[in-house]
Amino acid sequence: MATASAAPAPSPWLVARDLVAGYLPGIDILRGVSVEAARGQVRCVLGPNGTGKSTLLKALFGFLDLRQGEIRLGGEAASATSPHKLGPPRLEPHEMGRQGVAYLPQRPSLFPHLSVEVNLRLGAWRYRGDRKRVEELVARACEQFPVLAERRRQAAGTLSGGQQRQLEIARSLMQDPVLFLIDEPTAGIEPRVTGMIYDLIKSLAADGKAILLVDQNIKRALEIADYVYVMRTGTVLSQGSRAEFGGDTEALVARWLYASGDTRQE
Amino acid sequence: MSAAAELLRGAGLVKRFGGIVANDAVDFAVGEGDLVGLIGPNGSGKTTLINVLTGHLAPDGGQVVLRGRPMRGAAAHVYAAMGVARTFQLTQLFARMTVLENLLVPGLTRPGSTWQAVARRARTTLEFLNLAHLEQLHAKNLSGGQQKLLELGRCLMLEPAILFLDEPFAGVHPHLRDGLIKRIQELHSAGRTFVVVDHDMESILRVSQRLVVMARGRKIADGPPAEVREDQAVLAAYAGL
Amino acid sequence: MTWDYVFIQVANGAVIGIIYALIAVGVTLIFSILKIVNFAHGDLYMLGGYCAYYVITLLGVPPLGAMFVSMAVIFALAIILERLLLTPLYDDATERKDEYGLIVTFGLAFFLRNVAVMVFGPFPLKPPSFIPGVQRLGGLVITNDRLFAGGVGIVLIGALLWFMHRTIWGQALDAVSQSRESAAIVGINARRFNSVAFGIGAALAAAAGALIAPIFSLAPDMGVLPNIHAFVIVILGGMGSVGGSILAGLLLGEAENLFTAFFPDPTRALAYTNAFGLLVLMVVLVFRPQGLFGRRHLRME
Amino acid sequence: MTIGMRGLHVYILLAAAALALVFADRLSSYWMHVAIIAMFYGILASSWSLLAGYVGLFSLGHMAFASIGGYTSGLLVQWYGIPIPLGMLAGIAVCCALGGVIGWVCLRMSGPYLAIFTLGFAEIVRIIFATEDDITSGMAGLHVERLFDTPSRLPYFYAAFALLAVSLLLMGLIVRSRWGLFLRAIREDEQAASASGVAVARFRILIFAIASGFAGLAGGFYGHYIGILTPSLGGLDFMAVLVVMTVLGGMERLPTAVGGAFAVEFLLEILRGYGQWRLPLFGLLLLLTMRFARNGLLAPLWLQFVRLGESPAVTATAAQDVPQKEPGL
């Protein structure tokens, strides 16, 4: 059960307003998307594929120029660090860690040929001058994830899918982020361990992190979500607390999968 | 399955990339005049299937039969010569050639084609797609939606019997999308066969007469849209179960 | 032909192989980060040799010190060249990056080579030996310079391996070559590593040039063949791995020297030795047409 | 469309050519030599642009084919006493065949890999010519029979002119035909080209054979003009000069490539006072061109020139970089 919902509604840490973005000129994948994320909450973005869910996370993390819109982190608007870029100001992806944002893309973003330990160390890249601090962080991660401690000398690419996800989360924790942008955490992972990964995400939220989760695994995602956004063709179709979306998952799927004219938002 | 004469058939198609089986014994048949929608979650093997069915990838198992002729790993241009046209998921135009030249290329590969006749037909096609005023522009200077239209036009210049459209609606502005659907319907009623892959279920349902669903490299449903809509396996696949 | 001769060829092959590897490792490093094949690498090697020569003869620095000075100078020069010429490669708006990288590095090679002809003169120069004299082992005679070049080459490669595997900067470099996106996710500014990789690759080439100078002497076109040899090595053993490059470098050095030793017509043996390496290159490319440059790392992107 | 003055640039070019032919005998022997060499490079630059510019096959073996053409013709004439034109034809044939083979072998290569492969081929050819000195006289140079039995350079000027004109005419026909369209389509996107029905492999082999044939022609002429051939003709330095010429002019059009060859060759002579500094200078120019004007220095001039006779309205619509608003269907 969602524990955070019992507490007074937290003010959102991430506020994104009317984001418009795309890869090719003239093709907007996001057509004015607004989402929020709050500490202690798992917010889930659902919708058929091709509607721009992954693009939303990329745009939030700075991998994509915004054409319009505004992103506020922890109450502050992003300042422009790339003045030559068109569109609203944004940070470069490599600066997001310092801002307290971690991004876990659909395919694990590990360095497959480097060992587990080196992956963790690189996660603490911003503290590279502070040897002691890095050692502490690595020790903390090993304590938190015993599986990784056992395999710290092993190349990250040789881990199982579930272990890779754990390593990725452990690595992102090295920077003490507030917000986690998570894209399909269980895609391509054997069903046996998916439960463990959702538990992990839930425990992050319980620790006061803000989670924005994009998922195809609707049933499981709904189980841990506090709040749900349903996206369709680049816009947010509907949103609300989990209670409003709980119940019959398949009806929900059918609703947005085969939605007819009423979903058109122009 | 359509009662019409069979145009193209993939029988037991297998395609592997390293350890990943992208197509696992897929049977896929298209009859003359069909309008097939091909859907499925990300990574279900749709684009691979199109690549195999249009000669851009040689299958590791099974075979493609075009108009009753086994293709035996023929190159893509042989398929094109036999009336198989396709668009690409990410538009692949001849970027530094003009809009008109983009259409001349496929037109002039037709045996016996004359430059004049092809140019005339290219201009008619551009008018059909409402791109005529951009004729002398380099293709790279078109907007994304215009590029998709031009790619469709390039297919049409092959005078194809069958067109494979890979995500024609992705990111296309709604009013342009409606026009695109209209064009597809017009071409279809003029006798062309279509296979359309897209995530935009609404558009797919609007155009297609038959829906094929893929998941994890396999075909999991094949039939009239109304039937497939009720299919629990399809919903389960999309719900990530 | 005596067995002594064969042994000498084996020893020489090992030394040359190490020098080749030193050049090839740089080509690999640059490819794995910048995704370009550096056609000007041999000319950075040449400049390294000349730089060491003038540091020795004009400033009176001892040869080994001169090598380090040369490495530093070429490192700086390479970073300047990279900033001036290669930045369009990182701009999304640049079209046909392959073609750009190819023509620019090819043009840079032509430029550097002809500047060298003008500045250093077309005639071969020979810097003083690192350690004069020879070592005899039975019938085996090998110059100290060759032994020294091989030894220092090994140390440098060892240092590079240490840097890549044991320092956070080396690991970050490796990380960037595996995935720029993932590097950005952990907060690494990947752009900075373009310069670092180009500079380190060039510095290693400069060291090779300085080491080889007392053995083969310096000439403005001395970089042409080693550059192609570096391609052979990277494609043969490469896969973006430093270890593979070293092994392939040794292999090629040995194969060439034994080819020379056993070629039936001694007057032509030396000439055809180079052709032999090139033939290997062409055959490998026919079977692996995308090359093996950085395959290991590219696969993950 | 345009009426009347369209194609003005063609008449201007024809007039210039006629003037060149009529007043050729006024040229000093020295400048006539420069002009002949420029035309030799003109054939090479245009045929290389056919490969590298039109199809995107960046071959570094083009000068090697010139060398092969030259040696083949020279040796055949020497051994069998056949007429020189026949020898040159044989050189062309050998180059076409070999070019086709190279084109076939490197079908799956692109970009730098093709460049490395052809570089390897060129160096092997050079090494063989240098080493098999009992046949080729090696570095001493092979003495080749001269095309005309006269000390005057005028006949060579006319011959070079004719060869360049015929080559450009043939290449121009290829480029302006549907083949030219297919070749550019292959350059832009091989996969899309084959989806459009272009037999990519066939055209890649064909163009390699054709371009190599023209290189063989140039090489054959060069040998029979200079009277001596050395292996360095096929070496990297000549290749680099060819790249400089073609890229400086503009490698994606035949006329700009030829223009680049002429400009660089004449500049090399005019700047002789600067001694060997000319070469690094041209290297620098190449780097600057790539960095700031990738389509070549002559390309914009050429476009202006072509539009000379056109009415302003046409020129305006022909501007190709005007962004357009998305139209409704």
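Chain letters run A, B, ... following the sequence lines, proteins first and then strands; every chain starts at 1.
The contact between D:L119 and chain C is made entirely by side chain atoms (from C-beta outward), counting heavy-atom distances below 4.5 Å. With a 4.5 Å cut-off on non-hydrogen atoms, C:T87 touches chain D through its side chain but not through its backbone. Only the side chain of D:V244 comes within contact range of chain C, with at least one heavy atom under 4.5 Å from a heavy atom of that chain. Within the 4.5 angstrom heavy-atom criterion, atoms from both the backbone and the side chain of C:L85 approach chain D. Residue C:Y100 touches chain D through both its backbone and its side chain, counting heavy-atom pairs closer than 4.5 Å. For C:L84, the part lying under 4.5 angstrom from a heavy atom of chain D is the backbone only. Heavy atoms of C:L108 lying under 4.5 Å from chain D belong to its backbone as well as its side chain. Residue contact with chain D, scored on non-hydrogen atoms closer than 4.5 Å, involves the side chain of C:R113 exclusively.
Between atom CZ of residue C:R96 and atom CZ of residue D:R187 there is a gap of 7.0 Å, rounded to the nearest 0.5 Å. Here CE of D:M290 is found 9.5 Å from OG1 of C:T105. Values are rounded to the nearest 0.5 Å. Here CD of D:E132 is found 3.5 Å from OH of C:Y272. Values are rounded to the nearest 0.5 Å. Taken from CE in C:M282 to CZ in D:F117, the straight-line distance is 3.5 Å, to the nearest 0.5 Å. Atom CZ in C:F111 sits 11.0 Å away from atom CG in D:L285 (nearest 0.5 Å).
Of all heavy-atom pairs between C:A271 and D:T131, the closest is CB-OG1, 3.2 Å. Considering all non-hydrogen atoms of both residues, C:V37 and D:P112 come closest at CG2-CB, 3.6 Å. The shortest non-hydrogen separation linking D:G111 to C:D98 is CA-OD2, 4.2 Å. Closest approach of C:G107 and D:L286 over heavy atoms only: CA-CD2, 3.3 Å. Looking at every heavy atom in both residues, C:P88 comes nearest to D:R291 through CG-NH1, 3.4 Å. Minimum heavy-atom separation, C:A275 to D:I127: N-CD1, 3.7 Å.
A heavy-atom distance below 4.5 Å is not found between the side chains of C:N114 and D:F282. Residues C:F110 and D:L236 form no side-chain contact, since every pair of their non-hydrogen atoms from C-beta on lies 4.5 Å or further apart. Side-chain atoms of C:F39 and D:L60, non-hydrogen and from C-beta on, do get closer than 4.5 Å to each other. Counting heavy atoms from C-beta on, the side chains of C:V286 and D:R108 never come closer than 4.5 Å. Side-chain contact between D:F121 and C:L279 is absent, with no heavy-atom pair separated by less than 4.5 Å. At least one side-chain heavy atom of C:I103 sits less than 4.5 Å from a side-chain heavy atom of D:M251. Proximity of C:R268 to D:D133: side-chain heavy atoms (C-beta onward) are separated by under 4.5 Å at one or more points. Residues C:L285 and D:M109 have side chains in contact (heavy-atom distance under 4.5 Å, counting atoms from C-beta outward).
Considering only heavy-atom pairs separated by less than 4.5 Å from chain D, the leading option among C:L102, C:L112, C:I228 is C:L102. Note: D:I124 leads D:L114, D:I124, D:L107 in heavy-atom pairs under 4.5 Å with chain C.
Heavy atoms of other residues, nucleotides or ligands lying less than 6.0 angstrom from CH2 of D:W104 number 12 at most. The neighbour count for D:Y274 OH, taken as heavy atoms of other residues, nucleotides or ligands under 6.0 Å away, does not exceed 12. Atom CG of C:L270 has 12 or fewer heavy atoms from other residues, nucleotides or ligands within 6.0 Å.
Here C:E95 does not pair with D:R294 in a salt bridge; the nearest charged N to carboxylate O distance is not below 4.0 Å.
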